[in-house]
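Numbering of residues begins at 1 and proceeds along the displayed sequence. Only heavy atoms go into these numbers, but all of them, side chains included; no hydrogens, no water, no symmetry mates.
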Amino acid sequence: NHGLLWLSIKNTSVDLFDPKKGEVVRRFTHDPDDPSTLSKNHPIGIAKDANGTMWVGTNWGLNRYLGNGKFERYIPNDSKNSLISGRIHKILCLPTGEVWLATGNEGIALYNRTTNDFKTFLHGQEGRNIIVRAMYQDESQGIWLGFSPAGVARIDSYASAILNYQNIPGDTNSLSNTDVIALAEDANHNLWVGTRNGLNYLSRKNNTVLRIQDTLNQEGYFSSSVISAILPDGDDLWVGTMGGGLTRLNLKNNKADKFLPEENNPFSLSHQDVWTLKKSADGDVWAGNSEGGVSRFNLDRNDFTRYMFKR
């Protein structure tokens, strides 16, 4: 946002980071005596809407940034159209201005900008611990939801499920696993699905599923089967894993480069767990690491710059 990165630091803060200076220029935290601060110090998701407003989801409440270091909090209450859950797993901002929220296992909430409240879809089912861990809007305006542990569904603007993909035992034309963690769409409008047991390719044209670990991964392209982040980048596909670092897969020739932390090499990936991937305007790829800060891949040098954050 305006050349700055918004970073969610687990159990600590939201940090505003300046890549050019290589430093945090502002830190947002929760103050129990100030209702204009973050609702909690456990940020989970951050997104920018069509109007340029930043939204921060935490383990207790949604926060809309008003500027000048101040937030408006949205906390579950007894009113009819409040948030149904305080835990905001994911935030999806649409070009139309809509803000969609994945609220733990309680369903999907849609923010109404006119009335400043929420409408809930796909309510959680009693006795079923199903969580929406990933959301993505495709080029035809459909919204894809990645469930844990219930596969992938595509819904329309009325939140009616029209497509659903699951793991079907014995059927190789199904997801490799139903615990979905990451979703992304490539330039050909096909979907990539990261699960707790492998990467999957969904062909929108043929409505088929290809399990990547059954094909490309025979060459050992991924050091872990837990796919936690996906970033399409032209002919390349960046794949972050839990415990296996980062892989850059060339979709034209199926060649891959693996990046892992290396002892005594400060220009390697800072941690083997990659939670999130983003591309900045200058073409560099940023990897959010578990307990390892942020790693910036320098395209011109083919190495990383590490940024570690102090509490």
Side-chain angles (χ1 to χ4, degrees), residues 1-77 79 81-104 108-120 135-137 143 275-282 284-288 293-294 296 307-311:
N1 189 38
H2 302 295
L4 301 178
L5 293 179
W6 286 66
L7 306 176
S8 58
I9 312 299
K10 185 179 179 180
N11 293 326
T12 303
S13 62
V14 171
D15 288 358
L16 209 52
F17 178 74
D18 188 334
K20 293 182 178 179
K21 296 180 179 179
E23 63 184 34
V24 174
V25 297
R26 191 159 198 172
R27 176 163 288 169
F28 305 111
T29 59
H30 168 71
D31 182 347
D33 297 321
D34 185 353
S36 69
T37 61
L38 283 177
S39 57
K40 276 292 182 181
N41 278 337
H42 190 153
I44 302 176
I46 301 176
K48 182 171 71 171
D49 68 19
N51 296 322
T53 300
M54 301 300 299
W55 295 82
V56 178
T58 72
N59 66 337
W60 184 246
L62 177 70
N63 303 263
R64 179 165 64 105
Y65 187 56
L66 304 176
N68 298 319
K70 297 185 180 299
F71 292 86
E72 181 177 2
R73 299 176 181 174
Y74 299 90
I75 305 295
N77 55 52
S79 64
N81 294 319
S82 78
L83 277 175
I84 195 171
S85 170
R87 186 173 180 85
I88 310 299
H89 272 277
K90 290 290 182 181
I91 304 173
L92 175 65
C93 297
L94 307 188
T96 55
E98 294 178 338
V99 178
W100 290 68
L101 309 167
T103 60
I108 303 296
L110 174 61
Y111 173 70
N112 188 321
R113 191 178 302 274
T114 302
T115 57
N116 199 33
D117 59 14
F118 302 87
K119 182 178 180 180
T120 302
M135 293 194 295
Y136 189 85
Q137 184 181 39
I143 297 174
W275 279 106
T276 185
L277 292 167
K278 297 290 181 182
K279 186 176 181 179
S280 54
D282 57 9
D284 287 343
V285 172
W286 294 78
V294 178
R296 178 177 189 167
Y307 301 96
M308 311 302 290
F309 300 95
K310 298 179 181 179
R311 294 175 183 248

Rounded distance [0.5 Å steps], [atom1] in [X] versus [atom2] in [Y]:
X: R87; Y: W60; atom1: CZ; atom2: CH2; value: 12.0 Å
X: S82; Y: D117; atom1: OG; atom2: CG; value: 9.0 Å
X: I91; Y: Y111; atom1: CD1; atom2: OH; value: 12.5 Å
X: K40; Y: N11; atom1: NZ; atom2: CG; value: 10.5 Å
X: K279; Y: D282; atom1: NZ; atom2: CG; value: 9.5 Å
X: K119; Y: E98; atom1: NZ; atom2: CD; value: 10.5 Å

[X] to [Y] - nearest heavy-atom pair and separation:
X: S13; Y: P43; answer: O-CG, 3.2 Å
X: F17; Y: P19; answer: O-CD, 3.3 Å
X: Q137; Y: P95; answer: OE1-CD, 3.2 Å

Can you find a heavy atom in the side chain of [X] that is under 4.5 Å from one in the side chain of [Y]?
X: T37; Y: R73; answer: yes
X: L7; Y: V24; answer: no
X: I44; Y: I88; answer: no

| message | Is it the case that the side chain of N77 and the backbone of S79 share a donor-acceptor pair, with hydrogens and angles ignored and the cut-off at 3.5 Å? | response |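 Side chain of N77 to backbone of S79: a pair is present.
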| said: Any side-chain to backbone donor/acceptor pair from N41 onto T29? Under 3.5 Å, distance only. | reply: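 Answer holds: no.
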| request: Could you walk me through whether L94 and I143 pass side chain to side chain contact (heavy atoms under 4.5 Å, CB included), step by step? | output: CA-CA 10 Å; L94 307 188; I143 297 174; 4.1 Å; yes
Enumerate donor-acceptor pairs with a distance under 3.5 Å from any side-chain N or O in residues 45-57 to protein atoms, sequence neighbours excluded.
unit_1: K48; atom_1: NZ; unit_2: N1; atom_2: OD1; d: 3.3
unit_1: D49; atom_1: OD1; unit_2: N51; atom_2: N; d: 2.9
unit_1: D49; atom_1: OD1; unit_2: G52; atom_2: N; d: 3.1
unit_1: D49; atom_1: OD1; unit_2: T53; atom_2: N; d: 2.9
unit_1: D49; atom_1: OD2; unit_2: W55; atom_2: NE1; d: 2.9
unit_1: D49; atom_1: OD2; unit_2: R113; atom_2: NH2; d: 3.1

| request: Return the set of residues passing side chain to side chain contact (heavy atoms under 4.5 Å, CB included) with D33 (not counting sequence neighbours), or none when no residue passes. | output: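 So D33 forms a side chain to side chain contact (heavy atoms under 4.5 Å, CB included) with D31.
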Those residues that, when tested against [X], pass side-chain hydrogen bond (donor to acceptor under 3.5 Å, both in side chains) (two or more places apart):
X: D34; value: S36
X: E72; value: R64, Y74, N116
X: T114; value: none
X: K278; value: none

| query | In a check of ring pair (Phe, Tyr, Trp, His ring centres under 6.0 Å) between W286 and each of W275, W6, Y307, which one passes? | reply | Y307
| request: Going by the side chain to side chain contact (heavy atoms under 4.5 Å, CB included) test, name the single residue among I108, L101, I84, N81 that passes it with F118. | output: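 One option only clears the test, and that one is L101.
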| query | Is it the case that S39 and N63 place a side-chain donor and acceptor less than 3.5 Å from each other? | reply | yes
